[in-house]
Number of protein chains: 2
Amino acid sequence: MSEELEGKHGVQSLEVGMGILKAMATGKRSMMLKDIAASADMPPSKAHRYLVSLIRSGLVEQDPLTSRYNLGPFALNLGLVALDRLDRIRLGLSAITDLRDAVNETTALAVWSDNGPVIVRWERPRRPITVNVVTGTTLGVLGSAIGRVFAAWLPERQTEALIRREIESGKAPLGVRTMEDARALLAGVKARGVSVISGDYVIRGVEAVAAPVFNFKNEITLVIVLVGVEGSMDMRDDSPTLTELRQAAAALSARLGATFESAG
Amino acid sequence: MSEELEGKHGVQSLEVGMGILKAMATGKRSMMLKDIAASADMPPSKAHRYLVSLIRSGLVEQDPLTSRYNLGPFALNLGLVALDRLDRIRLGLSAITDLRDAVNETTALAVWSDNGPVIVRWERPRRPITVNVVTGTTLGVLGSAIGRVFAAWLPERQTEALIRREIESGKAPLGVRTMEDARALLAGVKARGVSVISGDYVIRGVEAVAAPVFNFKNEITLVIVLVGVEGSMDMRDDSPTLTELRQAAAALSARLGATFESAG
DNA sequence: CCGTCTATTAGAAGTGATACAATAAATTCA
DNA sequence: TGAATTTATTGTATCACTTCTAATAGACGG
C-alpha cells in the first residue's frame, strides 16, 4: 500500500483518467461534464476526451437523454470481482458475520480507498429494528468512527490533505477546527485502540465503535465497526461488546500476519 | 450503450490501461506480469508501466512478497458506488427480491459488461438447501442461461467475438460447434422469450431460467434469472414459476420505459 | 553456485495528448 | 417563439509522453 512508487515511470494519461473516475466516485450520482472537469481540475474539452475512452471501456456511461455521466457496468464488474478476490476482504467478511452473531449488533467492514473509507459490507443483527448502512459511499475522515480509525493509523501524508479539506469545508465535527485539534482527536483514538462515536454531535441517534485490522506489514488494511441506535450498545471500554470487537479485530490481524497490538 | 463512438477522439493510453484491467477482471485471482502482458497482448515492459499507474490509483495492488498483481481497493470502491447508483440496478435489485418472495426460488440479477455477463446480486429462497451463486465473475455466453439471453438480444457485433472464442476454446456446450449452431441456439431462445437450462449437459445438477429486461431504447440491459437444483422447479412454459419470471422481467422493462415485448 | 525465469529500469524515436479556439447543441428566459 | 447563455463536442499544430528494444537486477530451483 505504500511502496515507493513516487518516482517511478508510469503512464500519465492513465492516472489522469483515474482522477476522473475518482472524481465521479466521490461526487454526485449523475454529473455534468463541467462538474467532472472542475472536480478533476482540467478543461472540459480534456475531460470529454477522457470520458469518451472511459465510456468505450464501459467504466462510465452517459445518459443519452441528459448527456450526464454515470459509472458504468464495467465499474460494477471490477468491484464485484475485487470483492470476491481480495484475501483480506474475504476474511473480513466472515469476521463481521461472526462478530454479528457474537454480539447481535450491526457490524460492517470498511477499506481505505484513498478518497477516504468505504464500507464494503454490513451484516444486520437478528432483531426487528436495525440501523441501515449504505455500502460504497465514501465516508468522512473525522466525522465517522471508521474514518477516525483509518486516520489514526494511516501514515499522516495519506490523510493530511483529506483532513485539511474536511476542516476547511466545515464538514469536520464540532470542536475540530484546526489540524492540531484533529491530531489530538486521533491521538486519543490511537491511545484507546478503538474509536467510539456515541450520542454526540456526529450522527444524531447513532453510535458506533470501530477497530483497526493490520496486515503483515503492520499497516492498517481494514476497519471493523459496530453500529447501533443510541443507547442500544454498552460502549464502556470493558463491556463484552467492545471486548468482542477488539478480539475480532485482533484475531483478523493475526490471520493476516500482523504482529502489532493496536493499544489496549 | 451503443452510441457511435467508434471514430471519436479518445485517449489511447487510457483504453490500453482499461484493457489491462479487463484482462485482470477476466483472468485469474492473482496474476503474474507476463500473464497480464500476454492477456492484454503487449510486451511485459509496457504492461509494467501501466501497472505502476494502476497501482498508484489504487485500482490494482501488488503483493509485495510474490510481486503478483490483484485488483485493488479503488476497484472495490468503484463497484460498490456503481451498485448503489445505477438506476436500472436499483430497480433490478428490488425486482429479484420480489421475485424470490413470489416463487421462493433462488433469483439473481446480471448485467452485461462487455467481457460477458456478470451476476450482480442474488437472493436465496427461504428453504434449507439452496444453490450458491457467485457474484462478480464473468459467465460464459453460450454455457449459461444468462449468457444466452444476452447473446440472443444484444447486437451480434457485440457478442460475436466472444462466441467465436468460446467455440474455439471448446468451452461452448456440447452440440454447439459452429457459429451456425450458436445462431440456431440463440434464435430458439429469442423465439421462446427466455432461456432454459435444465438437467442437461451445461451444469450438472443445476437448472436455470433467464429472462431479458429492456430499457427505453428497447436494448437489453439486465437479465433476471431463477436458479435451482435439478428437478426443484417446474420449468414448463406455462408453469406459475416461469410466468412469474416473465412478468417480473416485463414489469421491470416497463418501469425502465421499454415498449418491447420479448416474445410469447 | 550457476542457469533460467521474471520483474524492473534506461534511453532514442516518433506517435499521440494537450491547449485553445471554434462550432454545435441544449437550455433558459423574455 | 426566439434570442441569449450555458454546456457539450470537434479540429488542429506543437511538443511532451509513450513506445520499443535491450539491458539489468532479482528470485528461484537444482
Side-chain angles (χ1 to χ4, degrees), chain A residues 1-21 23-24 27-57 59-72 216-217, chain B residues 1-21 23-24 27-57 59-72 216-217:
Chain A
M1 198 162 260
S2 60
E3 277 54 71
E4 283 321 325
L5 1 91
E6 309 295 314
K8 288 200 183 171
H9 279 279
V11 179
Q12 281 196 359
S13 342
L14 187 51
E15 291 179 36
V16 172
M18 296 307 108
I20 291 189
L21 279 182
M24 295 187 67
K28 298 204 301 181
R29 225 174 84 72
S30 174
M31 295 177 87
M32 291 194 301
L33 177 61
K34 62 158 189 158
D35 298 329
I36 297 174
S39 314
D41 191 38
M42 62 178 79
S45 68
K46 185 174 178 180
H48 183 261
R49 280 295 196 36
Y50 277 89
L51 284 164
V52 167
S53 289
L54 289 171
I55 293 172
R56 275 207 199 111
S57 316
L59 270 167
V60 170
E61 62 185 25
Q62 185 175 26
D63 184 325
L65 292 175
T66 63
S67 74
R68 279 158 170 264
Y69 299 90
N70 284 305
L71 292 176
F216 68 102
K217 285 157 76 187
Chain B
M1 198 164 259
S2 58
E3 279 52 73
E4 283 319 327
L5 5 90
E6 309 293 316
K8 288 198 183 172
H9 278 279
V11 178
Q12 283 196 4
S13 347
L14 187 52
E15 292 179 36
V16 172
M18 296 307 111
I20 291 189
L21 279 182
M24 294 187 69
K28 300 204 300 180
R29 224 175 87 71
S30 174
M31 295 177 87
M32 291 193 301
L33 177 61
K34 62 159 189 158
D35 298 329
I36 297 175
S39 313
D41 193 36
M42 60 179 78
S45 68
K46 186 173 176 180
H48 184 261
R49 285 294 265 285
Y50 278 89
L51 284 165
V52 167
S53 289
L54 289 172
I55 292 172
R56 273 206 201 111
S57 317
L59 270 167
V60 170
E61 64 185 24
Q62 185 175 27
D63 184 325
L65 292 175
T66 64
S67 74
R68 280 160 170 262
Y69 298 91
N70 284 306
L71 292 177
F216 68 101
K217 285 158 77 187

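Residue numbers begin at 1 in each chain, while the letters A, B, ... track the order of the sequences.
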*Asks:* Check side-chain hydrogen bond (donor to acceptor under 3.5 Å, both in side chains) between A:Y69 and all other residues, then give those that pass, not counting sequence neighbours.
*Replies:*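 Partners of A:Y69 under the side-chain hydrogen bond (donor to acceptor under 3.5 Å, both in side chains) test: A:Q62.
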
*Asks:* Supply the atom-to-atom distance B:M24 CE to B:L59 CG, rounded to the nearest 0.5 angstrom.
*Replies:*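 Separation between the atoms: 9.5 Å.
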
*Asks:* What's the spacing between A:R49 CZ and A:M42 CE if we round to 0.5 Å?
*Replies:*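 Those atoms lie 13.0 Å apart.
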
*Asks:* Measure from CZ on A:R68 to P on D:dA8 and round the result to the nearest Å.
*Replies:*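 After rounding, the reported distance stands at 8 Å.
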
*Asks:* Among residues 29-39 of chain B, which ones have heavy-atom contacts with DNA chain C below 4.0 Å?
*Replies:*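 Correct list: B:M32, B:L33, B:K34.
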
*Asks:* So which heavy atom on A:A37 is nearest to which on A:P44, and how close?
*Replies:*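 Nearest pair, atom of A:A37 first, then A:P44: CB-CA, 3.7 Å.
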
*Asks:* Can you check each nucleotide of nucleotides 19-29 of chain D against protein heavy atoms at under 4.0 Å and return B for base, S for sugar-phosphate only, - for none, in 5' to 3' order?
*Replies:* BBBB-------

*Asks:* For A:S67 and A:G10, take the nucleotide of DNA chain D holding the closest heavy atom to each; which residue's nucleotide lies nearer the 5' end?
*Replies:*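 Going by which nucleotide is closer to the 5' end, it is A:S67.
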
*Asks:* Which heavy-atom pair separates A:A23 from A:M31 by the least distance, and what is that distance?
*Replies:*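 Scanning both residues completely, I find the closest heavy atoms to be O-SD, 4.0 Å.
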
*Asks:* Just wondering, do A:I55 and A:V52 contact through their side chains at under 4.5 Å, heavy atoms?
*Replies:*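 A side-chain contact under 4.5 Å is absent here.
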
*Asks:* Just jot down the side chain to side chain contact (heavy atoms under 4.5 Å, CB included) partners of A:S45, sequence neighbours excluded, or say none.
*Replies:*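 Only A:P43 meet the side chain to side chain contact (heavy atoms under 4.5 Å, CB included) criterion with A:S45.
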
*Asks:* Please give me the minimum heavy-atom distance between A:N70 and A:S30, naming the atom from each residue.
*Replies:*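 For A:N70 and A:S30, the tightest heavy-atom pair comes out as OD1-CA, 3.4 Å.
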
*Asks:* Go through DNA chain C in 5' to 3' direction and return only the first and the last nucleotide with some atom under 4.0 Å of chain A's heavy atoms.
*Replies:*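 In short, chain A contacts DNA chain C from C:dT9 to C:dA21.
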
*Asks:* Side chains of residues 10-21 of chain B: which donor-acceptor pairs under 3.5 Å do they make with residues two or more places apart or in other chains?
*Replies:*
unit_1, atom_1, unit_2, atom_2, d
B:S13, OG, A:S13, OG, 3.4
B:E15, OE1, A:R56, NH1, 3.4
B:E15, OE2, A:S53, OG, 2.6
B:E15, OE2, A:R56, NH1, 2.4

*Asks:* For residues 29-39 of chain B, which residue pairs qualify under salt bridge (Lys or Arg N to Asp or Glu O under 4.0 Å), counting only residues two or more places apart or in two chains?
*Replies:*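 Found A:D87-B:R29.
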
*Asks:* What bend angle does the helix from C:dC1-D:dG30 to C:dA30-D:dT1 show across its length, from five-pair end axes and to the nearest 10 degrees?
*Replies:*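 The end-segment axes of the helix from C:dC1-D:dG30 to C:dA30-D:dT1 are tilted 60° relative to each other.
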
*Asks:* If only side-chain N and O atoms of A:H48 are considered, is one of them under 4.0 Å from the OP1 or OP2 phosphate oxygen of D:dT9?
*Replies:*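 Looking at the OP1 and OP2 atoms of D:dT9, one of them is under 4.0 Å from a side-chain N or O of A:H48.
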
